[in-house]
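Each chain gets a letter, A, B and so on, in the order the sequences are listed, and its residues count up from 1.
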Amino acid sequence: MPENAPVWAIVVLPVALAVAAVVTAGFDAVLSGAAGRGHAGGIRRAGRRAATPVREALRLLVQQPRRTTAADRLLGRLGVVLVPVAAVLAGAVLPWGFRAVSDPSVGVVWFNAMEALAWAAVWLAGWGPNSALSLISGYRFLAQGLAYELPHMFALTTAALGAESLRVGDVVAAQEGVWFVVWMPVAFAAYLLSALAMAFWGPFAHPLARDAAGGAAAELAGVDRLVFLGGRWLLLVVTAGFSVPLFLGGGHGPLLPGWAWTLLKTAAVLALLVILRRALPVLRMERYMEAAWMVLVPLTLLQALFVAVVVLNR
Amino acid sequence: MDGWQPMLVLLGVVGAGLAALYGLGLWLAAARTPLEAGPFAGGLKPGEHAVSRFHVRWYPVTMIFLAFDMEMLFMYPWVKVVSEVGTTAVVEMFLFLGILFAAVAYAWREGALRWT
Amino acid sequence: MDLRAFLRRTAMSRPAVLVVTLPGATRLRLEVEAELRRREWPVVGAPAAADLLVVCGDPAAQGAWPEWLDDIERSMPEPAARAVMGESARVGGALDAGRGEVTGRAVAPRGDGGRHEDRAAPSGDGHHRPADHAEHMDHAEHMDHHASHMDHQDHSPGGHMDHTGHMDHAGHDMHAMADIAGLPMAERADDRDELRLDRLHVPIGPGLTDWPTGLILRLALQGDVVQGVEVDHLPVPPAHRPPFWDEPWLRAARGEEVTRGGAARRRCAAHLDSAGRLLAVVGWDDVAAPFRRLRDELLAGASRTEVAGEVHRTVRRVGRSRVLRWSIAGLGRLPADTARAAGVSGPALAATGDAYDRLLMWLGEIERGLEVLDDTRPLAPDDRTGPRGRLDGPRPPSQALLDVLPDLLTGVEFACARIVVASLDPDLDELALAPVTGAAHA
């Protein structure tokens with residue numbers, strides 16, 4: 001039976017997530033550098049590119065705070081801060097091996113509730129600065145939410161259905177033999193898509209797109225910008241990491257201890273997302289909405305039906 | 001419900017971390033007084049304040065979403081009792097989902113999922 | 001050395017750059033982009049994120065010193081500086097000077113008071129910004145003072161909401177009572193379905209990234225739908241040299257010796273530039289970036305064997321992407337007869353279709369151009385077809401592209417509007433070819 005991690009884990013978790021976010025962003029920077037500037041051609045140059053996120057963070061710390069004319073500062077700031085808060089709180093139910101900071105009986109619902117805060121966060125950050133381009137971009141995320149949220153919830157429910165429990169620890173325990181990804185591949189794929197969408201990253205980065213001068217982040221400078229964009233990487237790490245206990249067997253695996261398997265699998269999922277992102281342009285919801293509702297929703301529904309039938313006959 | 005105490009502590013830790021980050025920013029910033037700037041849309045000044053009643057043309061989708069999303073909430077407790085209740089639980093749930101999806105398909109045919 | 005200064009200096013070792021290009025400075029823009037890529041400095045799209053404003057072109061040639069340029073600079077948080085690349089400027093040196101200024105301002109902050117008054121232009125050719133900005137500072141304080149009233153006056157019903165007739169002039173003649181912090185709130189107007197909805201007037205450009213140099217679109221937005229468009233642009237100064245992208249054909253027309261290979265090289269680079277811009281707007285940096293790198297390698301004189309492999313690979317990658325096709329097909333449809341009637345020639349006419357068709361047309365011309373890159377025969381003097389169309393028509397090809405914009409942009413979403421503009425990619429430098437007609441100046 002899974003149990004809560006010791007108290008010090010509460011302090012370690014945010015730090016560990018931040019380190020994972022920096023490493024992921026560094027890997028992404030190395031790949032982007034190779035595409036834009038040619039291959040690094042040397043460990044030192046690649047290392048310098050990998051350090052880009054750290055340098056960027058320092059640069060933003062040195063910037064003067066900034067606000068726009070007649071801005072809604074309270075709501076804008078709230079939106080900015082909400083992104084990392086939602087990410088870390090959602091991360092509380094992430095099992096590290098077999099122990100999470102907390103493993104409530106409704107852990108899956110807690111995760112869902114926390115990542116749904118991103119809706120509020122991006123919209124508030126877009127509304128706050130009183131700037132047309134960031135306002136447009138904030139609303140882009142709402143449309144995105146309408147498209148990704150249902151397949152996402154069906155994917156979550158399907159995994160919980162396989163374990164007949166909403167406790168994350170039980171979901172992991174149910175995968176001791178066969179990982180859920182084996183008999184729920186559609187739910188896994190839908191989950192990964194929605195993980196990208198809720199982290200508004202990669203092909204789902206339209207709310208922060210270049211065509212709107214940075215979108216919801218267009219007017220953010222200094223620490224605000226760092227918190228918002230850094231929080232986005234945290235959110236990506238947490239949502240990608242949550243696919244491990246849901247579908248990839250959590251800490252289960254031969255030879256290595258549970259925590260090592262969790263780490264390996266999370267790194268693999270993140271690497272996969274960072275690499276696959278390169279193959280796609282940014283998706284606009286105007287086109288994606290129809291595909292999400294008429295393809296992803298029925299597919300995930302059929303997947304849930306299949307799992308329900310299996311559960312009945314088990 | 002001691003499962004929630006760690007969450008509260010975690011919220012405190014994150015809050016402290018963010019406060020420390022803002023503090024570090026103040027210490028390092030090249031200027032501490034916030035800069036007051038106009039909104040950016042390429043350099044020229046806008047005609048009005050941007051805060052306004054924003055016209056979303058995907059409004060019908062929000063309605064469909066609300067209906068479906070409410071239903072999703074039933075599914076969470078449902079997963080815990082599927083094998084307990086047996087076949088009726090699955091039949092009832094998927095009949096319900098089927099009806100809802102029929103409505104979505106109708107809305108789609110009416111063009112509610114496209115707005116450009 | 002104290003830790004704080006060290007961290008500040010380290011932070012600004014690679015300042016984030018916002019590049020703004022003025023009409024007539026395409027060559028400089030390309031030089032700056034190549035140099036920034038070589039230095040691996042971050043390039044950003046908004047002043048909030050930027051440390052260094054790089055202006056390509058001579059602002060003084062805009063007539064009066066452009067105020068919008070100062071506005072952009074004023075909205076950059078400290079440490080911030082400006083580097084102006086005049087015609088004769090050495091790009092590397094000017095960037096170094098800019099970084100020096102940014103680092104200096106970071107390490108030795110000058111207090112928080114009148115921050116912008118003493119910010120001199122660290123430019124290569126020494127244009128100093130006008131000193132009399134006092135009135136703007138006063139204005140800013142005025143805004144500050146009124147900002148707190150915002151929440152109370154915000155959505156008050158009735159009041160000033162019913163002046164439909166004034167819609168298009170909002171912001172000019174309504175200064176008296178409805179203003180908050182110097183600006184009125186949005187008013188309602190009919191949309192295409194005759195719903196009365198809040199309408200915003202937002203001029204976009206010329207400081208946007210991945211945007212045709214100097215273009216200004218005055219948009220009327222309802223939600224993110226473009227309800228009305230007015231095409232405008234920065235003054236295009238009469239050039240003493242031909243537009244960069246049309247140079248080989250215009251020089252050949254003047255009887256100078258230009259090889260077919262040289263012309264093909266310029267055409268390939270122009271299309272790589274346009275396609276890179278479109279792909280950046282679409283949000284596919286992973287192919288936009290190599291396109292831009294290959295463009296610069298071509299312009300630097302790379303031989304066919306050096307670039308052909310990667311060009312073909314990247315072009316194939318773009319052409320094979322079904323997601324890209326699904327994403328932009330159907331946007332900005334321009335049938336041949338409409339295009340011809342507007343005077344469009346070149347790829348936008350030949351593509352006879354949407355944004356995706358125009359992209360494919362560019363890609364095809366790039367691949368065909370590579371085949372003749374080493375052709376040393378002279379260009380026929382009657383070959384006047386530049387990258388954007390026929391240069392011997394009554395009007396420059398880009399003028400026709402600008403003329404079709406209002407019809408294509410009305411009623412589409414903001415994101416689609418940006419894609420449509422990028423898929424036509426008018427080159428405003430060409431407007432100096434002929435007398436500019438019907439364009440009010442910013």
Heavy-atom pairs under 4.5 Å with chain A: which of [options] has the most?
options                                : result
C:Leu279, C:Leu200, C:Asp285, C:Val287 : C:Asp285
C:Leu324, C:Val281, C:Val202           : C:Leu324
C:Ala48, C:Gly45, C:Gly283             : C:Ala48
C:Leu221, C:Ile204, C:Val44, C:Asp51   : C:Asp51
C:Met12, C:Glu40, C:Arg4               : C:Glu40
C:Ala11, C:Ala422, C:Ala289            : C:Ala11

Side chain [X], main chain [Y], donor-acceptor under 3.5 Å:
X        : Y        : value
A:Gln144 : A:Phe204 : yes
A:Ser32  : A:Ala29  : no
C:Gln227 : C:Ala220 : no
A:Thr300 : A:Val297 : yes
C:Arg316 : C:Val311 : no
A:Arg277 : A:Gly202 : no
A:Arg66  : C:Pro77  : no
A:Arg232 : A:Val227 : no

Does any heavy atom of chain A fall under 4.5 Å from the side chain of [X], the backbone, both, or neither of them?
X        : value
C:Thr314 : neither
C:Val282 : both
C:Glu413 : side chain
C:Ala288 : neither
C:Pro290 : both
C:Ala50  : backbone
C:Trp326 : both
C:Ile419 : side chain
C:Arg14  : both
C:Leu208 : side chain
C:Arg37  : both

Using the six-membered ring wherever Trp is involved, compare the ring planes of A:Tyr148 and A:His152 and label them parallel, tilted or perpendicular (cut-offs 30° and 60°).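 The arrangement is perpendicular - the two ring planes meet at more than 60°.
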Chain C heavy atoms under 4.5 Å from [X]: which part of the residue, side chain, backbone, both or neither?
X        : answer
A:Arg225 : side chain
A:Arg278 : both
A:Leu280 : both
A:Ala291 : side chain
A:Leu60  : neither

Residue among A:Ala212, A:Ala35, A:Ala221, A:Gly33 with most heavy-atom pairs under 4.5 Å to chain C: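 Heavy-atom pairs under 4.5 Å are most numerous for A:Ala35.
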Leading residue by heavy atom contact count with chain C [cutoff under 4.5 Å; candidates A:Leu220, A:Val54, A:Val282, A:Leu133]: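 Ranked by heavy-atom pairs under 4.5 Å with chain C, first place is A:Val282.
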Contact summary for C:Gly205 and C:Trp211, nearest pair of heavy atoms: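 Looking at all heavy atoms of both residues, the shortest contact is CA-NE1, 3.5 Å.
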Minimum-distance pair of heavy atoms, taken over all atoms of A:Pro129 and A:Ala125: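 Closest approach of A:Pro129 to A:Ala125, heavy atoms only: CD-O, 3.1 Å.
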Verify whether one side chain among A:Glu149 and A:Trp119 offers a donor that lies under 3.5 Å from an acceptor in the other.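 A:Trp119 and A:Glu149 do have a side-chain donor-acceptor pair below 3.5 Å.
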Evaluate side-chain hydrogen bond (donor to acceptor under 3.5 Å, both in side chains) for A:Glu219 paired with A:Thr68, printing each intermediate quantity in order. CA-CA 7 Å; A:Glu219 305 290 352; A:Thr68 39; 5.4 Å; no
Are C:Arg295 and C:Glu33 ion-paired here, with the side-chain N under 4.0 Å from a carboxylate O?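 Yes, charged N to carboxylate O under 4.0 Å.
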